[in-house]
Amino acid sequence: MSKFKVLVTDYEYETLEYEEKVLAEIDAELLKAQCKTEEEVIEAAQGVDGLLVQYAPIGRKVFESLPQLKVVARYGVGVDVVDLEAATEHGVCVVNVPDYCEDEVSDHAFALLMACARKIVLLNNDVKGGNWDFNISRPVYRLRGRTLGIVGFGKIPRRLAEKAKPFGFEIIVYDPFVDEKVEKEYGVKLVELDELMKRSDFVSVHAPLNENTKHMIGARELGLMKESAFIINTARGAVIDEKALIETLKNKKIAGAALDVAEQEPIAKDNPLLDMDNVIITPHVGWYSEEAQIELQTKAARGVADVLIGKKPEYLVNKEVWNK
């Protein structure tokens, strides 16, 4: 009989061999499920010591129903699917993997920016539709000298700034938790959110989703943007008020949007964003490369294993729980 039990609540990966390898080292049995609700998680997780979670909701009810639970690991950077307050109250460690896709997401954000700037998708679709006319892309502006506004300045957006600089962008940043030392190190300028929205030719959103950032970019903030500006989101869909974004785009108040995330995922088939020529949408794929996926699965499992053997994990989100 195994010493520990760990449940993968839900997953989209072809194999869980990386988790199995890590957990075998501590004599932990890996159980698998495809839960979509808290009730399904509770039913599948009776008697388990740890959870590995992709999208399943892990709320207060889960922690109250699983007294043996010691650790929840989120496959990813964001932990918005986990009730951190309830986890801490119940003495459960929450771990994530904040460093597995820095290049992938920053690359994807910049790829979306470039696709917007050069009207790549619009032109591709038009040519495939039988036309050969660059004029449909007008206006296209030179990138050098344009302003890139970055909302949130953690590890991923810092990589984005490094990659954008050689293209000649002026880079401005809104992040109330970043100090002047970081500003100088990366050669960016810290500004308030309103100023960023007004000045930027491209706004790239990288803020985590929490109660303070939900809909932080709404109708008022979008209304501050230039008519020639684009907004790019590779963070979480709900950081932008999607209804306000749809109205802003319908009224041609901004030039367009490029989104790797949506408030509802998968995006609803009747979402108006899908019918807009000036909107690019990808299926929350910014994190993905073969290397990043292996790193993600391995590090998430390592976080669970460390907690179960009494070792402080490298990526503990609710640090105050450790003394409990």
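The environment of CG in N131 is crowded: more than 12 heavy-atom neighbours from other residues, nucleotides or ligands sit within 6.0 Å. Within 6.0 Å of CD on E180 lie no more than 12 heavy atoms contributed by other residues, nucleotides or ligands.
Y288 pairs by the ring-ring contact (aromatic ring centres under 6.0 Å, His included) definition with nothing, not counting sequence neighbours. The side-chain contact (heavy atoms from CB on, under 4.5 Å) search around T248 returns L222, K253, I254, not counting sequence neighbours. Under the side-chain contact (heavy atoms from CB on, under 4.5 Å) criterion, A229 pairs with M225, K226, sequence neighbours left out.
Just one of R146, R199, K189 meets the side-chain hydrogen bond (donor to acceptor under 3.5 Å, both in side chains) condition when paired with E170; it is R199. With respect to R302, the salt bridge (charged side-chain N to carboxylate O under 4.0 Å, His left out) criterion is satisfied by exactly one of E295, E25, E314: E25. Only one option out of K5, K3, Q68 pairs with D49 in a side-chain hydrogen bond (donor to acceptor under 3.5 Å, both in side chains); it is Q68.
Between R220 and D194 there is a salt bridge, since at least one side-chain N of the basic residue sits less than 4.0 Å from a carboxylate O of the acidic one. Under the 4.0 Å criterion applied to side-chain N and carboxylate O atoms, K243 and E263 are not assigned as salt-bridge partners.
Between F153 and Y186, the distance from one ring center to the other falls under 6.0 angstrom.
Y75 and E19 share a side-chain donor-acceptor pair at under 3.5 Å. Using modelled atom types and a 3.5 Å distance limit, the side chains of E242 and N271 yield a donor-acceptor pair.
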Derivation and outcome, side-chain contact (heavy atoms from CB on, under 4.5 Å), residues R74 and V81: CA-CA 8 Å; R74 169 89 217 297; V81 299; 3.6 Å; yes

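Atoms CG and CG, on L245 and L273 in that order, are 6.0 Å from each other to the nearest 0.5 Å.
Connection of L69 to L84 is established within a shared hydrophobic cluster, with ILVMFWY side chains joined at heavy-atom distances below 4.5 Å, either directly or through further cluster members. Residue L66 is not grouped with residue V321 when hydrophobic side chains (ILVMFWY) are merged at heavy-atom distances under 4.5 angstrom, including chains of intermediate members.
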